[in-house]
Amino acid sequence: MERAGKKRNTALVVVLLLCVALLAIAPLFLRKGAEFGGSDDAGSVMVEEVTGEAYTPWFTPVLESLLGGEIPGEVESLIFCLQTGIGVGIIAFFMGRLVERKKQEEKRNDHH
């Protein structure tokens, strides 16, 4: 009986992973030739439409100032991924501490 439940769970996980992959890949084929720009680009275009003037940034990013030009896209993606990884690591660390603390409290309460 337990084995049938595991097979069902495995099948469900596989189906859900395929659905997620399809959701991630489908837009690339459904919208051929579409530009996938960031919110910064869309925001500056909107400012230009509303005010009638070209948008000029208030400051230059620190790293771009140090390098004397724009950061290559690959490096920018690497920095973004690194930042995301650090954030997820911090969140996971504190979530793990909370779970362990709860387990320890339950263990203490069971012994009393």
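Computed over heavy atoms, backbone and side chain alike; hydrogens, waters and symmetry mates excluded.
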*Asks:* Under 4.5 Å side-chain heavy-atom separation, chaining through any Ile, Leu, Val, Met, Phe, Trp or Tyr, what else clusters with V20? Say none if it is isolated.
*Replies:*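 Via sub-4.5 Å side-chain contacts, V20 links to none.
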
*Asks:* Considering residues at least two apart in sequence or located in another chain, which fulfil the side chain to side chain contact (heavy atoms under 4.5 Å, CB included) criterion with E49?
*Replies:*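 Residues passing side chain to side chain contact (heavy atoms under 4.5 Å, CB included) with E49: V45, M46.
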
*Asks:* First locate atom CD of E105, then atom NZ of K107, and finally report the distance between them rounded to the nearest 0.5 Å.
*Replies:*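 Going from CD on E105 over to NZ on K107, the span is 13.0 Å.
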
*Asks:* For residues 73-93, which side-chain donor-acceptor pairs fall under 3.5 Å, sequence neighbours excluded?
*Replies:*
unit_1, atom_1, unit_2, atom_2, d
S77, OG, G73, O, 3.1
T84, OG1, F80, O, 2.9

*Asks:* Residues sharing L18's hydrophobic cluster, by side-chain heavy-atom contacts under 4.5 Å among ILVMFWY, directly or via others?
*Replies:*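 Other cluster members: V14.
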
*Asks:* Return the set of residues passing salt bridge (Lys or Arg N to Asp or Glu O under 4.0 Å) with K103 (not counting sequence neighbours), or none when no residue passes.
*Replies:*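 If we apply the salt bridge (Lys or Arg N to Asp or Glu O under 4.0 Å) test to K103, skipping adjacent residues, the hits are E100.
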
*Asks:* Who passes side chain to side chain contact (heavy atoms under 4.5 Å, CB included) against E53, sequence neighbours left out?
*Replies:*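 Side chain to side chain contact (heavy atoms under 4.5 Å, CB included) list for E53, sorted by chain: T51.
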
